[in-house]
Amino acid sequence: MLVLGIETSCDETSAAIVSSQREILSNILISQIKEHNLYGGVVPEVGARAHLEVLETIISQALQQANINLDALDGIAVTAGPGLIGGVFVGITMAKAIAAAKKLPFLAVNHLAGHALTVRLAEPLDFPYLLLLVSGGHSQLVLVKSALEYVLLGTTLDDAVGEAFDKVAKILGLPYPGGPSIEGLATLGNPKRFKLPRPLLYHKDASLKCSFSFSGLKTAVRQEIAQLASFQDDDQRDMAASFQAAVLDILVNRSRNALEFCLKQKISLNAFVISGGVGANQALRKALQEVSQILGIKFIAPPPNLCTDNAAMIAWAGIEKLQLNAVDSLDFVPRPRWPLESIKGEK
Ligand code: KG4
Ligand code: ZN
């Protein structure tokens, strides 16, 4: 089975051809970083226009690189939400047009399901598994029971972790996206210099054991920087390292709680998996590997280029839907909000 995947929900325009045998025949991606960097973050209007300008070319390139034409396809998968609605509209309209013209199954993919299932594109893995989904828009611990069934164990009460990376980078005068800039600098800085909070870690409310909060951490960074007499390169490096250390402590602690919860509930997890853009962070991958090892659970981190937004993961999630006969109708309305846990029972 061959499926074309289209991703336009944020600041990456991407098209990919993926087979049900886990082969990525092509995965073309154009980042809008340059356009958005002028504004220090993603501007939805600018994004939608940029998707529109390049999508057709990118789809042609994806087909060309895979050495096929549209007739060889078995389905069209597209991110139908959640995300910036202008961009999602661009992608879904194109996908519907191709599906209608070629009479192909149309697969409306939840972007978060794309991240959640990426690992099964990277390697064979059975359900259930625990997922730490950490991206620019989401921070969640999710029990993945099937391609259509997700149980949310915890989410963020305020900012997403990728958003915190991006905002802190902006405070430190680093370019967007903040994650890679901070990760690069953090290796050169002193993680112990600034005493930053670890929100929720010592909270008494047991129902918040798998929840996240990053807005206080971001504010603490701003305050520490404001107190400095001047802001030098070593301050920038040390703050990047201190911030990343705080984020790692939070993510490791919350992950451990979620893993222990699953163990207590006798859920036989096949793995603990990370995905989403922040999952590309090497220091985080190493820290999660260590905690998984302590708890005796296999840890899997898909290749970094599959963790950040890309259309191969959308094509793969489409293949999983197609295999379950969960095809969507052409009047599917794009969804700016679409929680993973609401997918169950939709079909
Ligand atoms: O999954 P993604 O590509 O897009 C969304 O669906 O949001 O995630 C983008 C986020 C951005 O906030 C970016 O700063 C962050 O992922 N990110 C990283 C790294 N690479 C990307 N955060 C930390 N370390 C990285 N190496
Ligand atoms: Zn994403």
Side-chain angles (χ1 to χ4, degrees), residues 5-14 16 27 29-33 36-37 40-42 44 47 51 78-85 87-88 91 109-119 121 131-140 142 155-156 159-172 174-187 212 214 217-218 240-241 243-248 250-252 273-288 301-314 316-317 336-338 340:
I6 298 174
E7 160 60 42
T8 56
S9 68
C10 192
D11 58 348
E12 249 101 34
T13 318
S14 181
N27 191 13
L29 190 139
I30 287 197
S31 168
Q32 303 174 353
I33 285 177
H36 294 298
N37 237 333
V42 176
H51 288 305
V78 63
T79 297
L84 300 174
I85 200 66
V88 175
V109 170
N110 179 303
H111 180 83
L112 305 175
H115 281 305
L117 299 170
T118 300
V119 62
L121 166 60
L131 170 78
L132 174 65
L133 199 172
V134 275
S135 70
H138 297 87
S139 307
Q140 305 187 339
V142 183
T155 186
T156 179
D159 293 349
V161 59
E163 192 181 351
F165 268 100
D166 296 336
K167 286 179 176 168
V168 166
K170 203 169 173 182
I171 296 169
L172 300 182
L174 296 168
Y176 174 86
S181 331
I182 288 183
E183 180 174 17
L185 266 191
T187 55
F212 305 91
F214 294 103
L217 175 57
K218 170 199 67 193
F243 167 75
Q244 184 171 280
V247 169
L248 261 55
I250 295 166
L251 294 178
V252 166
V273 172
I274 189 170
S275 190
V278 183
N281 187 293
Q282 295 298 334
L284 175 60
R285 292 159 81 101
K286 189 164 168 276
L288 294 176
N305 68 321
L306 291 182
C307 284
T308 47
D309 284 353
N310 68 90
M313 72 178 191
I314 302 304
W316 176 257
R337 293 174 56 77
W338 188 4
L340 257 184

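Just follow the structure's listing: the first ligand is 1, and inside any ligand the first atom is 1.
- Among protein heavy atoms, atom 23 (C) of ligand 1 sits closest to G179 CA, 3.4 Å.
- Interatomic distance, L288 CG to L248 CG, rounded to the nearest 0.5 Å: 7.0 Å.
- With the Zn ion (ligand 2) as vertex, D309 OD1 and H111 NE2 subtend 90°, rounded to 10°.
- Considering backbone and side-chain atoms alike, G277 places an N or O below 3.5 Å from some N or O of ligand 1.
- Taking every heavy atom of E183 and a limit of under 4.0 angstrom, the matching atoms of ligand 1 come to 24 (N), 25 (C), 26 (N).
- Taking atom 11 (C) of ligand 1 as the reference point, the nearest protein heavy-atom neighbour is D166 OD2, 3.6 Å.
- Considering backbone and side-chain atoms alike, D309 places an N or O below 3.5 Å from some N or O of ligand 1.
- Against a heavy-atom cut-off of under 4.0 Å, G137 is close to the following atoms of ligand 1: 7 (O).
- Close contacts between ligand 1 and H115 involve ligand atoms 1 (O), 6 (O) [criterion: under 4.0 Å to a heavy atom].
- The nearest protein atom to atom 24 (N) of ligand 1, hydrogens excluded, is given as N281 ND2, 3.0 Å; this is a heavy-atom distance.
- Heavy-atom contacts of T308 reach the following atoms of ligand 1: 3 (O) (cutoff under 4.0 Å).
- Below 4.0 Å from some heavy atom of G178 lie the following atoms of ligand 1, by number and element: 14 (O).
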task = Test L306 against N27 for side-chain contact (heavy atoms from CB on, under 4.5 Å), laying out the working first.
result = CA-CA 10 Å; L306 291 182; N27 191 13; 4.1 Å; yes
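- Any N or O atom pair closer than 3.5 Å counts here, and P177 shares no such pair with ligand 1.
- Contact between H111 and ligand 1 is present, with at least one heavy atom of the residue lying under 4.0 Å from the ligand.
- The backbone N or O of G81 sits nowhere less than 3.5 Å from a side-chain atom of R337 that would complete a donor-acceptor pair.
- Set against the non-hydrogen atoms of G162, the atoms of ligand 1 under 4.0 Å away are 12 (O).
- Using a 4.0 Å cutoff on heavy atoms, H138 does not count as a contact of ligand 1.
- Taking only nitrogen or oxygen atoms, main chain and side chain alike, E12 does not reach within less than 3.5 Å of ligand 1.
- Remark: ligand 1 atoms within the under-4.0 Å shell around heavy atoms of G136 are 5 (C), 7 (O), 8 (O), 9 (C), 10 (C), 12 (O).
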